[in-house]
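Here is the structure we will look at.
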Number of protein chains: 2
Amino acid sequence: MGASISDVAARAGVSVATVSRALRGLPNVAEPTRGRVLSAARELDYVANPNASRLAAGRTMTVGMVVPLLSRWFFTQVVAGAQSVLAAAGYDVLLYDVGGAGARDRFFRRLPFRKRVDGIVIVDLPLTACEQDVLETDGTPVVTVGLTGSRFSNVGIDNVAAARTATRHLLNLRHTSVALLSGQPVGSVRFSAPLQRRRGWQQALAERGIAARDDLEVDGGFSISGGAQAMAQLLALGDPPTAVFSGSDEMALGALKTLADSGVRVPADCSVIGFDDHDVAGFFGLTTMHQPVAQLGEVAASLLFDAIRGGGGGPRPDVVLPTTLRMRSTTGPAPVPAATAGRRAAAIS
Amino acid sequence: MGASISDVAARAGVSVATVSRALRGLPNVAEPTRGRVLSAARELDYVANPNASRLAAGRTMTVGMVVPLLSRWFFTQVVAGAQSVLAAAGYDVLLYDVGGAGARDRFFRRLPFRKRVDGIVIVDLPLTACEQDVLETDGTPVVTVGLTGSRFSNVGIDNVAAARTATRHLLNLRHTSVALLSGQPVGSVRFSAPLQRRRGWQQALAERGIAARDDLEVDGGFSISGGAQAMAQLLALGDPPTAVFSGSDEMALGALKTLADSGVRVPADCSVIGFDDHDVAGFFGLTTMHQPVAQLGEVAASLLFDAIRGGGGGPRPDVVLPTTLRMRSTTGPAPVPAATAGRRAAAIS
DNA sequence: GGCCTTGCCGCAACCGCTTGCAGCGCCTAC
DNA sequence: GTAGGCGCTGCAAGCGGTTGCGGCAAGGCC
């Protein structure tokens with residue numbers, strides 16, 4: 001097998017302690033000595049055994065990331081963002097997907113990360129008070145993404161404001177009937193973002209004195225196919241909306257497909273705005289609310305560094321990152337009444 | 001912090017050695033003793049420190065997975081499949097994304113997984129002989145996914161045969177000009193699957209005595225937008241193809257969008273068949289070659305178990321998993337010449 | 001010249017678990 | 001009755017690093 005630290009020590013003519021210090025760049029090693037150690041290590045092709053280091057040092061140099069539904073685009077992006085900065089700092093990432101049935105309960109019952117991570121970032125999982133207690137008593141530093149008002153450091157966006165901006169964009173285009181594609185992804189987890197985006201939609205409507213019609217709020221399950229079905233449901237209405245605010249780009253893409261299949265022109269007959277700025281949103285020309293997904297992960301990682309270093313004390317920052325409206329080609333002025341009538345006829349045919 | 005094994009030993013009134021054996025289910029522990037140990041462990045909420053275990057036992061209970069471009073659907077699915085069976089066996093997974101510039105060279109130069117994994121699965125990365133040497137001399141067990149003819153155990157599909165089947169499907173529908181969307185994803189890695197699928201396409205054409213026209217073979221870069229551009233390129237031809245075999249579903253989706261935007265009816269005017277059976281292929285009604293992605297990962301994991309247990313000896317199996325044609329609604333009979341002419345006119349207008 | 005500081009380095013005790021080996025009690029066989 | 005075997009348990013030596021502490025030499029100071 002590979003060389004061990006004592007081999008390096010022997011070759012460099014120093015003690016293992018000195019090798020350890022030299023290799024980790026600690027200050028109290030004379031330069032010539034460090035040089036000898038480094039070249040000995042290089043010649044022997046030495047790499048430290050991480051398990052031995054972790055055991056001796058008591059730090060694991062590993063962080064856990066728990067996500068619901070790893071398969072969703074948003075989560076993979078956040079993970080990728082965090083991973084890049086963690087890796088740069090020498091940390092490994094352990095992934096916990098809590099999406100499966102019972103996986104979440106099992107996770108909080110077993111705390112499988114104990115003794116294996118220095119910290120843990122929880123992505124977009126609304127924690128019950130009880131779950132927060134469990135995590136807090138365990139003592140490992142926690143930071144969350146997209147979970148405001150918890151007892152942990154957090155980074156996220158202002159979903160309400162972003163949804164308001166999106167809806168206002170449609171209202172400014174003189175749309176008066178603006179539908180909402182929302183709901184919850186299938187599975188046991190309940191996310192808070194959909195609710196917040198719904199609130200923003202309601203607020204924007206209220207600002208203009210428009211009542212939020214119940215029949216314009218449909219569940220798209222945060223999936224492409226769900227969005228398509230939800231759009232079909234909207235088109236079946238006696239007076240379908242002329243604009244749709246979708247809580248995610250995936251649902252918006254599904255909606256666009258239904259519209260295309262039904263012969264409804266976008267944006268001439270119906271405007272669509274999404275949320276996320278998914279990779280392919282640009283390709284489909286989807287107007288959407290951009291949120292800095294990768295950056296969410298990056299910030300989470302650095303917050304975690306602080307938490308690990310800083311111990312328990314200090315304030316728990318709540319970082320909110322900006323969102324921006326990306327105007328593309330799926331939103332346009334509301335159709336004049338005559339055109340609307342024409343569209344309805346086309347959709348029926 | 002959490003309890004350690006000696007705490008459990010004290011509480012159960014036995015030695016740490018017995019605790020270790022009892023907790024791991026080794027046979028040589030009397031049942032009553034085991035019971036006492038188990039309840040002591042439960043009461044103390046004890047979990048073993050994995051680093052200490054790994055260090056003492058010499059096994060890391062971790063495997064590495066190296067993938068090019070984690071962001072591509074295929075790879076995430078393979079990883080997920082492997083992860084599920086590895087996790088069930090108590091293994092952690094360390095992910096190495098070798099997509100970035102220089103990342104691959106760095107990976108093979110540094111071998112960052114040394115001393116941290118018991119084995120490693122390499123997904124769809126054509127290894128140079130030199131790289132194979134490096135891995136082999138390092139000694140950690142390796143299994144590959146989608147890499148035939150290497151010195152390691154492998155699991156994959158028969159890309160040539162699958163591509164032949166896909167192309168034959170189009171030929172059976174009386175198409176005579178069948179285009180190929182192929183190419184390589186952007187980045188430094190060269191994959192072998194595209195080449196094999198191209199070969200299958202050529203073979204199927206040759207069977208029917210049809211020459212593979214150069215202008216019908218376009219590069220879609222294995223992305224949605226690339227597929228869209230490639231399709232546009234095909235439509236610009238004087239005599240565009242009536243059928244397209246796409247090397248991936250992502251490219252096929254892009255192609256479908258271009259066709260829709262150009263007013264070309266699918267499959268009446270142009271048939272499209274994909275490859276992979278991507279999550280959303282069903283939603284878009286895309287006819288495609290299904291490959292068992294998750295199963296590739298699962299099989300890879302169990303092959304790796306064998307390799308870890310079996311030491312170096314024994315044969316290196318090469319498992320090939322079946323692919324199946326999923327007929328949906330984007331392929332149909334070749335248009336009769338008159339219809340073709342009509343389409344061409346429509347495309348130009 | 002004696003004393004104290006300062007900078008480097010080695011000693012050795014861990015970190016928490018695994019495992020070969022030996023010990024011990026008890027049963028079976030002769 | 002004694003030897004041998006078997007089942008269970010404990011002892012203790014690691015696994016390969018990290019780190020507090022103490023030693024030693026060189027240099028500065030009075």
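Note that the coordinates shown come from a computational prediction; the quantities given were computed from them, not determined experimentally. Numbers restart at 1 for each chain; the letters A, B, ... are given by sequence-line order, proteins then strands.
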Shortest side-chain distance from N49(A), nucleotide among dC15(C), dT18(D), dG17(D): dG17(D)
For R54(A), run the side chain to side chain donor-acceptor pair (under 3.5 Å) check against T60(A), N49(A), D92(A) and tell me which one passes. D92(A)
At how many degrees, to 10°, do the end axes of the helix from dG1(C)-dC30(D) to dC30(C)-dG1(D) meet when each uses five pairs? 50°
Any side-chain heavy-atom pair from L86(A) and F305(A) closer than 4.5 angstrom? yes
Reckon R24(B) has a side-chain N or O less than 4.0 Å from the OP1 or OP2 of dT18(C)? yes
With respect to P68(A), which candidate in L125(A), D97(A), V98(A) satisfies the side-chain contact (heavy atoms from CB on, under 4.5 Å) definition? L125(A)
Ion pair R72(B)/D124(B), N-O distance below 4.0 Å: no
Under 4.0 Å between a side-chain N/O of K115(A) and OP1 or OP2 of dG16(C), yes or no? no
Please check the phosphate of dT18(C) (OP1 and OP2 only) for any side-chain N or O of S53(B) closer than 4.0 Å. yes
Any side-chain heavy-atom pair of R116(B) and T62(B) under 4.5 Å: no
Inspect the contact between D118(A) and R309(A) and indicate whether a charged nitrogen and a carboxylate oxygen are less than 4.0 angstrom apart. no
How about F152(B) and L135(B): do any of their side-chain heavy atoms sit closer than 4.5 Å? yes
Under 3.5 Å, which N/O atoms of the protein pair with N/O atoms of nucleotides 9-14 of chain D?
residue : atom : partner : partner atom : Å
dT9(D)  : OP1  : T33(B)  : OG1          : 2.1
dT9(D)  : OP2  : A30(B)  : N            : 2.8
dG10(D) : OP2  : S15(B)  : N            : 2.9
dG10(D) : OP2  : S15(B)  : OG           : 3.0
dG10(D) : OP2  : T18(B)  : OG1          : 2.6
dG10(D) : N7   : R21(B)  : NH2          : 2.8
dG10(D) : O6   : R21(B)  : NH1          : 3.3
dG10(D) : O6   : R21(B)  : NH2          : 3.0

Phosphate OP1/OP2 of dT19(D): any R59(A) side-chain N/O under 4.0 Å: yes
